[in-house]
Amino acid sequence: MFIVDDYDIIIVGAGHAGVEAALAAARMGCKTLLATLNMDNIAMMPCNPSVGGPAKGHLVREVDALGGQMGINADKTCIQFRMLNTSKGPAVQALRAQADKKFYQAMMKKTCEEQENLDVKQILIDEILVEDGQVSGVVVETGEVYRCKAIVLATGTYLRGRIIIGENTYAGGPAGQRAATKLSSCLKNLGIQLMRFKTGTPARVDKRSLDFSKMIKQPGDLEADSFSFLTVEKTREQVPCYLTYTNAKTHEIILKNIDRAPMANGIIEGIGPRYCPSIETKILRFPDKGQHQLFIEPEGLNTNEMYVQGMSTSMPIDVQFAFLKTIKGMENVKIMRPGYAIEYDCLDPLQLKPSLEHKKISGFFSAGQANGTSGYEEAAAQGIMAGINAAQKVLGREPFILKRSEAYIGVLIDDLVTKGTTEPYRMMTSRAEYRLILRQDNADMRLTEKGWQLGLVSEERYRVFQAKKEGIDTALRLLHAQKINPSQENNNLLAAHGIEHIHNAMTLYDLLKRKGVHYSLLAELFSLPRFSPEIIKQVEIDALYSGYIKKQEEQVARMEKMEKKLLPDTLDYNLITSLRDEAREKLSKIRPISVGQAARISGVSPADISVLLVYLEQKRREKDSE
């Protein structure tokens, strides 16, 4: 056995989960190795060249607030920014950006290579070593061994990956990369349960072969917002996307060849994502829909490749050519890379603790698509948490766990480890029950202090956070302190600016709650100090939604009582005879850490929770009497 080096933590895979895990562990002071199949594909975007979107943008902001890298990297390398859902409330507004995917990779690679405490190596890991239930190292395909105290598995879609284009299949990872063919067997031998999932991607087409005059131009925002709370720049080079549609002829070609679709002829075995279906699935699922949206998106500033968003497919190449040419503006299309499906192995996340550590293998963490999720943002969110908790483990500290009431990251991980997933999991705003207090605009107020306490947030970021927090506190204090009386003079002043009369004395904070009233106007009328737009936005949201926010905070307080009722690790659910069989089975398998988590398990009813609470109270009284 040729032992090359000893590390605190080894990260297996350098996609979006892997880089966040590696950077977090290294920044917390652990000697870390980031192992990748290809040094040139660190943080590769094998599918959509974009970052953010509904719920996903929230995750990026939270990763950034904790001290992660995705938001900073996106701000530097994205070429179009759009704030979505601006006509709706702040809870569901989300930033989305088109990335220059090669530039994104290059900048993330540079960040990893320059990070103190972090080594980056191009190696293929075939085996994970475990001694007495504790990870101890990895074995590389060329025979060398690297020792470690903790591992983060972030293999994405590379575990036993299989590419499928029509009747053609071959072993491989995304975008023509190698697959990890031996590691799955090792994981199974360690007792780790694997699932088989599938995802796909559309064709990349040559920009020069498209007629954009037949499509609808989709420009970016004139003043671009940012993912990172550190980014100051608001104007960037923006390039447009284009909107076009499928039509009856497109659908006819696909249906005529549906027997050749791998999903129909049995070639595909894995389970695909419900919320990002292939074009053939969409046409079969929605037969009455005459057209489907397609967004033609640039892959970067220095390439002619365009991504056909909305047309993921694994149909044979001749069928892909045929149906693409039916689309307006694509009559002379040239395919640069065909669409394909990819099958891969991933872990059943019910085997993981809320810290993302395996329940039976100490020091073994898992993150990203290896846990059955989809999306770069979901991967990055799990990656930073797995990296943090691997470092916490090595440093002898308690796990860092975010609650559902604290972050979308908390919702994501709790869903995975409590409910599991039977298809590639995608984060959506509807999954978060406390959406109004988990907005993308206040992610720093929720999480940056926690990142600072972990040792992950830089001094620069913490200074920016403190200044913003002090500004918000000052503005709110002034608004609550200053009152106006319903005098004729005051009402005339308000009426002159379109504000209804007041009939009782009120604070400026209460006045700010009125529709159409903004801080800038109150500052002008009542000599309030000026603040940055970011501070003013927080203050206005706080006032306008204060009643709703208070109700959600009361809901959180009630739920906290359940979360604080911890369940012993040694609790034998088979002894609680009043539990239903399904509940006993689920509780024994998942082993929730609290009554609150137990209540969220599918198959555990409110009646089961009542039985569990009674049992715990009986045991507490027995212990007290002893």
Side-chain angles (χ1 to χ4, degrees), residues 9-22 24-25 33-37 41-44 46-47 59 124-128 130 135 138 150-162 173-174 177-199 270-273 342-361 363-390 409 412-413 415-417 420-427:
I9 300 167
I10 294 176
I11 314 296
V12 185
H16 303 281
V19 294
E20 294 293 350
L33 169 63
L34 178 59
T36 176
L37 282 166
N41 285 326
I42 290 172
M44 182 175 71
C47 198
L59 291 173
L124 172 60
I125 292 172
D126 280 346
E127 186 180 353
I128 290 172
V130 176
V135 297
V138 298
I151 285 172
V152 177
L153 188 76
T155 47
T157 60
Y158 288 85
L159 277 183
R160 221 162 48 89
R162 184 173 71 133
Q177 300 302 304
R178 299 176 66 192
T181 56
K182 294 183 180 179
L183 189 53
S184 286
S185 296
C186 170
L187 296 174
K188 288 181 180 178
N189 290 337
L190 292 173
I192 295 171
Q193 298 172 4
L194 299 180
M195 306 182 293
R196 190 75 170 164
F197 278 180
K198 180 218 76 157
T199 188
I271 300 169
I342 180 169
E343 285 187 341
Y344 57 95
D345 290 342
C346 55
L347 277 70
D348 182 343
L350 290 176
Q351 299 167 95
L352 303 176
K353 302 176 184 177
S355 63
L356 295 180
E357 183 181 21
H358 195 275
K359 291 175 180 175
K360 295 181 180 178
I361 305 175
F364 181 90
F365 296 80
S366 183
Q369 284 185 276
N371 286 345
T373 61
S374 66
Y376 313 140
E377 302 83 1
E378 289 89 340
Q382 293 171 75
I384 194 170
M385 294 298 288
I388 288 170
N389 280 313
I409 295 175
L412 165 66
I413 294 176
D415 277 355
L416 291 173
V417 304
T421 185
T422 55
E423 63 186 4
Y425 177 101
R426 179 179 181 175
M427 192 70 239

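- Here the OG1 atom belonging to T36 is positioned 10.0 Å from the CD1 atom belonging to I125, to the nearest 0.5 angstrom.
- A381 is linked by a side-chain contact (heavy atoms from CB on, under 4.5 Å) to L59, V63, I409, L412, counting only residues two or more places apart in sequence or in another chain.
- The OH atom of Y425 lies 6.0 Å from the CG atom of L416; values are rounded to the nearest 0.5 Å.
- Here CG of L187 is found 4.5 Å from CD1 of I192. Values are rounded to the nearest 0.5 Å.
- Using a 4.5 Å heavy-atom cutoff, the side chains of M195 and P424 are not in contact.
- Looking at every heavy atom in both residues, N371 comes nearest to S366 through OD1-OG, 2.6 Å.
- Here the rule is side chain to side chain contact (heavy atoms under 4.5 Å, CB included) with T157, and of K198, E343, Q369 only Q369 fits it.
- Atom CD in E20 sits 12.0 Å away from atom CD in Q382 (nearest 0.5 Å).
- The two residues L34 and G18 come nearest to each other via the heavy atoms CD1-O, 3.8 Å.
- Side-chain contact between N41 and Q177: present, with at least one pair of heavy atoms (C-beta onward) separated by less than 4.5 Å.
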Decide yes or no on salt bridge (charged side-chain N to carboxylate O under 4.0 Å, His left out) for E378 and R426, but give the supporting numbers first. CA-CA 7 Å; E378 289 89 340; R426 179 179 181 175; 5.3 Å; no
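- K353 meets the salt bridge (Lys or Arg N to Asp or Glu O under 4.0 Å) test with E357; sequence neighbours excluded.
- Using a 4.5 Å heavy-atom threshold, the side chains of S184 and L194 count as touching.
- The distance from atom CZ of F365 to atom CD1 of I9, rounded to the nearest 0.5 Å, is 8.0 Å.
- Note that OH of Y344 is 10.0 Å distant from CZ of R196, once rounded to the nearest 0.5 Å.
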